[in-house]
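Heavy-atom basis, side chains included; hydrogens, waters and symmetry copies ignored. Remember, it's 1-based here, ligands and their atoms both numbered in the order they're listed. Just so we're clear, the structure is a prediction, and the values are computed from it rather than from any experiment.
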Amino acid sequence: MEKFAVQGGRPLSGCLRIQGSKNAALPILAATVLAGGQYSIQDVPHLTDISVMLEILTTLGAKSNHEQSVLTLDTSSLFSSHIPVDLMGQMRSSIFLMGPMLARFGEVTIYPPGGCAIGERKIDLHIQGLKALGANFTYFEDHIHCSAKELIGADIGLSFPSVGATENIMMAATLAKGKTIIRNAAKEPEIIDLQNFLNRMGAKVCGAGTAVIEIEGVERLEAVSYKVIPDRIVAGTMLLAACMTGGRLTLENIVNEHLTGLIDIVKQCGVEIEYAHDIIIVSNNVPIQPVSVVTGPYPEFPTDMQAQLMAFLALSKGTSVIRETVFDGRFKHVEALKKMGAQINIMGKEAHIQGGTAFKGAEVNATDLRGGAALVLAGLAASGTTFVNQVHHIDRGYERIERQLQSIGASIKRIQT
Ligand code: UD1
C-alpha cells in the first residue's frame, strides 16, 4: 500500500507535457485483436489499467514491449478467446475486448468487468449492439459466452450515448458483412481517435464525433503504427491544480477543443487562459467566482472532471452547484473534501458547494480514480500536510502523478505504508 504526502501552499508554475490518453489507448489496444500483426503505438501512458489490458492480451497470446511511451504489440499468435476472470474484474475496460474478440474468433467468454465504484455500470447497451450484429449470448452463473458464426451489419440506436458501447460496436462492425449505423452514438474525442486508428488499419468508419457513425464492413484489417491523442482529463486536472495554487502553468501536448467544456467553466470563474496551437497557459491570481455545472456526455462538462472541479469550487467566493447526470454514485470524494474543510451538501444528484473556507491538511482516503485526484488537488491548496491513502486508484489514470506535480513545483511524496 502506498500513500501521498502533500505539503500544500506552493504555486504550481512551469511547463508540463500531458501524457497520452488512457481512455483513447484502452479501446485502441483492444482493437489490435481485430488483425494479427505487429503494432507500434506511441504515447501509451504507463498506468495500471494499461498494464492490465496488456496482461490480458498476453494471456491471449500477444507479445508486448512497453518502453518509454512506445508500445510494440504483436497479436499474430492469439490462441485463446477466454479472458481470465481475475484480470477481467480488475477494470471496466476489459469489456472492450468483447467486440473485437467476437469479430476475430467468432466467440468470447467474459466475466463481469471491474472498474471504479462510481455507481451502477451496466453492459446492456454493449450486449444489445452486438446482438443486433448477430451475436448469441448464453448466460451462466458467473460468466457470459458470446458467439457468432458471422456478424452482419445493422442499424443500432443507443438509448444513451455510452462511450464503451459505441466503441465496442464500432470495433465489431469493422469486420461485419455490410453496413452498420450507430445512432445516438457517443461523441467523445476518444471515439474519433478510435475511428482514426481503425481506418488506418483499413476499416471504413465515418461520422465519429457526431451522433451517427457508419461502418462499412471489410474483409480484413492490418496491423499499423499510431499515436494516441493527449489525455484531456489529465490536462484538465493539471489546469485546475495551477488555478487552485495561484500558479502560472503551460500545458503542452493538449488539444484545445477537447477541453472546451472545462475551459468555458473555468473562464466563468474568472481564471485567465491563453491558447497557442497545442499549448494552454493558465494563470490565476483572482478570487474564484461560483458557478453552476451539469455533467453530461461530450461536449458537455465531463463527469471525469467533476470531482476535481468540486475541489476547485470549494475555494470560490460563494455557492456553486454541480449536478451529476452520468453516474449515480460519483460523490464518494465529498466526505474526504469535507474532512479537509470544504462545506458541501449533497441533495440527490446535486452537490452544493459553499465556497470560501480554506482547505487544511488531513489524512484522507482515495475511493476512486478522479475522486482521488481531487484530494491531491485539495492537498496542494491546503495549509499543512495532507496524506492521501489508497493511491492505487490514482495510478489507474495518472502516470506517476507525484513526479508530474514535482516537476512544476509541488511538494508531494509517495510513501510506502
Ligand atoms: C467511459 C470512460 C469513463 C467516463 C465515461 C463517461 C473509458 C475507458 N472510460 O466509461 O472514464 O467516466 O465514459 O464519460 O473510456 N450505461 C448503461 N449501459 C451500458 C453502458 C453504459 O446503462 O451498457 C450507463 C452507465 O451505467 C453510465 C453511463 O451509461 O451511467 C455512461 O457510461 P459509459 O458512457 O458507457 O461509460 P464507460 O464507457 O464505462
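- Only the backbone of I123 comes within 4.0 Å of ligand 1, judged by heavy-atom distances.
- Heavy atoms of H126 come nearer than 4.0 angstrom to ligand 1 in at least one pair.
- Counting atoms of ligand 1 from 1 in the listed order, those under 4.0 Å from a heavy atom of R330 are 12 (O).
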**Request:** Please assess H145 against E107 for the test side-chain hydrogen bond (donor to acceptor under 3.5 Å, both in side chains), listing each intermediate value before the final yes or no.
**Result:** CA-CA 7 Å; H145 185 253; E107 66 165 355; 2.8 Å; yes
**Item:** Verdict with supporting geometry, L369 and K22, side-chain contact (heavy atoms from CB on, under 4.5 Å)
**Value:** CA-CA 12 Å; L369 165 55; K22 164 180 91 75; 3.8 Å; yes
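- Here the two rings, on Y398 and H46, have centers that are 6.0 Å apart or farther.
- Remark: ligand 1 and F327 share no N or O pair separated by less than 3.5 Å (distance only, no angle test).
- With hydrogens and angles disregarded, a donor-acceptor distance shorter than 3.5 Å links the side chain of H66 to the backbone of V44.
- Every atom of ligand 1 is numbered from 1 in the order shown, and the set under 4.0 Å from a heavy atom of S93 is 8 (C).
- Below 3.5 Å of separation, one finds no N or O of K22 facing any N or O of ligand 1.
- Residue T303 touches ligand 1 through its side chain alone, judged by heavy-atom distances below 4.0 Å.
- Taking a cutoff of 4.0 Å between a charged side-chain nitrogen and a carboxylate oxygen, K3 and E363 qualify as a salt bridge.
- Any N or O atom pair closer than 3.5 Å counts here, and K122 shares at least one such pair with ligand 1.
- Within the 4.0 Å heavy-atom criterion, both parts of S162, backbone and side chain, lie near ligand 1.
- Within ligand 1, the atoms closer than 4.0 Å to a non-hydrogen atom of F160 are 28 (C), 29 (O), 31 (C), numbered from 1 in the order shown.
- Ligand 1 has no nitrogen or oxygen under 3.5 angstrom from a nitrogen or oxygen of L26.
- Of the charged side-chain nitrogens involved, at least one lies within less than 4.0 Å of a carboxylate oxygen, so that E150 and K177 count as a salt-bridged pair.
- Counting heavy atoms under 4.0 Å from ligand 1, residue V326 touches it through both backbone and side chain.
- Between D395 and R414 there is a salt bridge, since a side-chain N of the basic residue sits under 4.0 Å from a carboxylate O of the acidic one.
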**Trace of the side-chain hydrogen bond (donor to acceptor under 3.5 Å, both in side chains) decision for N168 with H126** = CA-CA 7 Å; N168 232 332; H126 297 244; 2.9 Å; yes
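- Within ligand 1, counting atoms from 1 as listed, the ones closer than 4.0 Å to a heavy atom of G164 are 35 (O), 38 (O).
- Residues R183 and D155 are paired through a salt bridge, judged by an N-O separation under 4.0 Å between the basic side chain and the carboxylate.
- Taking all heavy atoms of N23, D328, D304 into account, the minimum distance to atom 12 (O) of ligand 1 is reached by D304.
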